[in-house]
2 protein chains.
Amino acid sequence: MNSTLFDRSASMSNDILALHDFANVLADKARRLARKHFRKTTAYERKADESPVTIADKAIEAELRALIMRRYPQHGILGEEMGGNTDGNLLWVLDPIDGTKSFLTGMPLFGTLIAFLQDGEAKIGVIEIPPLGERWSAFPGAARHNQKPCHTSGCTSLKDARVYTSSPDFFHDPNDWDRYDRVSRAAAIRRFGGDCYQYGLLASGYCDLVIEASLMPYDFLALVPIVETAGGKMTDWEGRPLTVNSGQRVIAAATPQLHDEALRMLNS
Amino acid sequence: MNSTLFDRSASMSNDILALHDFANVLADKARRLARKHFRKTTAYERKADESPVTIADKAIEAELRALIMRRYPQHGILGEEMGGNTDGNLLWVLDPIDGTKSFLTGMPLFGTLIAFLQDGEAKIGVIEIPPLGERWSAFPGAARHNQKPCHTSGCTSLKDARVYTSSPDFFHDPNDWDRYDRVSRAAAIRRFGGDCYQYGLLASGYCDLVIEASLMPYDFLALVPIVETAGGKMTDWEGRPLTVNSGQRVIAAATPQLHDEALRMLNS
C-alpha cells in the first residue's frame with residue numbers, strides 16, 4: 001500500500017481522478033440495484049439497534065465490495081451491513097442504503113454513500129440518490145451535482161438559514177434534542193426528513209445547515225468531502241474533524257461563519 | 001348551476017370524466033409553472049400565520065383560477081393564496097404549492113393540490129408532484145398513480161403500520177403531539193417529512209397511516225377522494241368526514257380497520 005498516494009503532485013491528479021471515476025462506477029451499480037428493489041422489496045429485519053435492513057441493503061453492499069476487491073484488492077472496506085476493519089491507510093466506507101425507512105415506504109430520498117479515505121481523511125465522497133437520478137460527488141478541488149460544479153449558499157447568519165434534520169427520533173438524548181431545538185428555532189426555516197439528501201441540498205446551496213445525532217461513520221464520511229469542497233464546513237458538535245472514530249453528532253453548514261455561529265449556540 | 005350533476009347516471013360518467021380530464025389539464029399547467037421556479041425562486045414573504053409564500057405559489061394559483069373561470073365560469077373557487085367563497089354547490093379547491101418549505105429548500109416533495117366538490121363532497125382529487133413527474137388522481141370508482149390504478153396496502157393492524165407525518169411543528173397543541181406520539185410509537189415504522197406526498201404513498205400502498213394537525217381545507221380536500229377511492233379511509237380526529245368546514249386534524253389509513261384502531265388509540 002502506498003500512503004503517499006496524494007503526496008506526489010505529478011501522479012496525484014491521475015490517481016485521484018481514477019479513484020473518483022471508480023467511485024462513480026460503484027454508484028452506477030448501486031443505482032441499478034436499488035431501482036430494481038425500490039417500491040418492490042418491503043420485507044425487512046431488525047438489526048441490534050432496531051434499525052431496519054432489507055435484502056437490497058445487503059445485495060448492494062455485497063456487489064460494491066466485490067467490485068472494490070477486484071479492482072483494489074489492497075484497499076480496506078468498511079460497510080454498514082458487513083463491517084470490516086479500519087486499520088489500512090486506504091479505505092472505502094460504504095452505506096448501501098442510507099434512509100432505509102424511506103426505501104421501505106416508497107419515499108425516493110434514500111441514497112448510497114461511498115467514501116474513500118487516505119490516512120483517515122475522507123478524500124472522495126459520493127451521494128447517489130437512485131430513484132431521482134441525482135448524484136453529488138467530490139474529490140479535492142471539485143464538488144459536483146449531476147456532473148456540474150456545485151457550491152453551498154453564501155449564508156453566514158443563523159437567522160437567515162434553512163435548517164434540516166432527518167427526524168426528532170435521531171436525538172436519543174433529550175438534551176441533544178433541546179440543543180438542536182434551540183438552534184433550529186433561531187433559524188429562518190426548519191424542516192424534517194431527508195437523510196443523506198439533506199447534505200446534497202446543502203452542497204448545492206438549497207439549504208444552509210444540517211444538524212444531526214446518532215449517525216455512524218458510514219452515514220457521514222462520504223458527506224464531508226462533498227460539503228467541504230462545495231464551500232461548507234462539517235464537523236462534530238465539538239467542532240472537530242469527522243473521522244472513522246468520531247462520535248455520532250454532526251453539524252454541516254454552508255459557510256465557516258454560519259458553522260461557527262450555530263456551533264456556539266449548540267454549545268451555549 | 002346544476003346540483004344534480006352526478007345524479008343522472010347517463011350524463012354522470014361523461015361529466016365526471018370531463019371534469020377529471022380538466023383537473024389534469026390544471027395539473028399539467030401547475031407542473032410546468034412549478035418546474036420553472038423550482039430551485040430558482042428562493043425569495044418569500046411571511047403570511048399572517050407565519051407560513052412562507054413565494055411568487056410561484058401566487059403565479060400557479062392565478063393561472064389555475066384563470067383556466068377554471070374560462071372553462072367553468074359558474075363554478076366557485078377557493079384557493080390558499082387568494083381565498084374565495086364556499087357557497088356554491090360546485091367548487092374547485094386549490095393549493096398551488098403544498099409544502100412551500102420543501103419548495104424553498106430544493107426538496108422535490110412539494111405538490112399542487114386540486115379538488116372538485118359537489119354539494120360539499122370532494123368527488124375529484126389530484127396530487128401533482130412537479131419535480132418528480134408523479135401524479136395521483138381520483139374520481140368516483142378510479143384512483144390512479146401516473147395513469148395506472150393504485151390501491152392502498154392491506155394493512156389492518158397498527159403494529160404493522162408504516163406511519164407518516166410532515167413535522168412535529170405541525171402539532172401546535174402539545175396534547176395533540178402526545179396523542180400522535182402514542183399512536184405512531186405503537187406502529188412498525190414512523191418517518192417525518194412529506195406533506196401531500198405522504199398521501200400519495202398511502203394511496204399506492206407504500207405507507208399505511210398518515211396523521212396530521214394544522215391542515216386547512218385546501219391542504220386535505222384533494223387527498224380524500226384519492227385515499228378513499230384507493231381503498232383507504234380518511235376523516236378528522238373525531239372520525240367525521242372532511243369538508244370545507246372541517247377542523248385541522250386529519251387521519252388517513254390504508255384500511256377501515258387500521259383507521260378504527262388508530263382512531264381509538266388517538267382518542268384513548
Side-chain angles (χ1 to χ4, degrees), chain A residues 38-42 44 46 50-52 99-110 129 131-134 145 150 153 155 160-171 177 180-181 184-185 187-195 197-198 200-210, chain B residues 38-42 44 46 50-52 99-110 129 131-134 145 150 153 155 160-171 177 180-181 184-185 187-195 197-198 200-210:
Chain A
F38 181 54
R39 295 186 172 175
K40 295 183 190 74
T41 295
T42 56
Y44 61 92
R46 296 277 184 186
E50 288 292 301
S51 67
T100 302
K101 287 185 182 179
S102 288
F103 175 82
L104 279 172
T105 54
M107 178 62 84
L109 295 181
F110 66 90
I129 312 292
L132 302 184
E134 284 193 272
H145 176 219
C150 64
S153 79
C155 181
D160 303 321
R162 298 156 293 180
V163 183
Y164 265 85
T165 202
S166 287
S167 168
D169 295 342
F170 282 25
F171 298 87
W177 168 256
Y180 172 75
D181 195 46
S184 59
R185 285 187 188 280
I189 287 177
R190 76 171 186 180
R191 192 190 173 284
F192 292 85
D195 298 297
Y197 197 72
Q198 305 167 124
L201 295 178
L202 181 75
S204 286
Y206 303 130
C207 75
D208 310 298
L209 186 63
V210 187
Chain B
F38 182 53
R39 296 185 171 175
K40 296 183 191 74
T41 295
T42 56
Y44 60 92
R46 296 278 184 187
E50 289 291 302
S51 66
T100 302
K101 288 186 181 178
S102 288
F103 175 82
L104 279 171
T105 54
M107 178 62 83
L109 295 182
F110 66 90
I129 312 293
L132 302 184
E134 285 192 271
H145 176 220
C150 65
S153 78
C155 182
D160 302 322
R162 298 156 295 180
V163 182
Y164 265 85
T165 202
S166 287
S167 168
D169 294 343
F170 282 25
F171 298 87
W177 168 257
Y180 171 74
D181 195 47
S184 59
R185 285 188 189 278
I189 287 176
R190 76 172 187 180
R191 192 190 173 285
F192 291 86
D195 298 296
Y197 196 71
Q198 306 167 121
L201 295 179
L202 180 75
S204 286
Y206 302 131
C207 75
D208 310 299
L209 185 63
V210 187

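In the text below, chain A, chain B and the rest are named by the order of the sequence lines, each starting its count at 1. These numbers come from a predicted model, not from an experiment.
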With a 4.5 angstrom heavy-atom cut-off, is it the side chain or the backbone of [X] that approaches chain A, or both, or neither?
{"X": "B:Glu134", "value": "side chain"}
{"X": "B:Ser102", "value": "both"}
{"X": "B:Arg191", "value": "side chain"}

Would you mind telling me which of [options] has the largest number of heavy-atom pairs within less than 4.5 Å of chain B?
{"options": "A:Arg46, A:Arg190, A:Met107, A:Lys101", "answer": "A:Met107"}
{"options": "A:Asp208, A:Leu202, A:Leu104, A:Thr42", "answer": "A:Leu104"}
{"options": "A:Cys207, A:Pro168, A:Gly194", "answer": "A:Pro168"}

request  = Measure the OG1-CD1 distance between A:Thr100 and B:Ile189 for me, rounded to the nearest 0.5 Å.
outcome  = 9.0 Å
task = Mind listing the closest non-hydrogen atom pair of A:Ala188 and B:Tyr44 along with its distance?
result =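 Scanning both residues completely, I find the closest heavy atoms to be CB-OH, 3.5 Å.
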message = Minimum heavy-atom separation for B:Pro108 and A:Leu132, please, with both atom names.
response = CG-CD1, 4.1 Å
query = Among B:Pro131, B:Ser166, B:Gly106, B:Ser153, which residue forms the greatest number of heavy-atom pairs with chain A at distances under 4.5 Å?
reply =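 With the most close heavy-atom pairs to chain A, the winner is B:Gly106.
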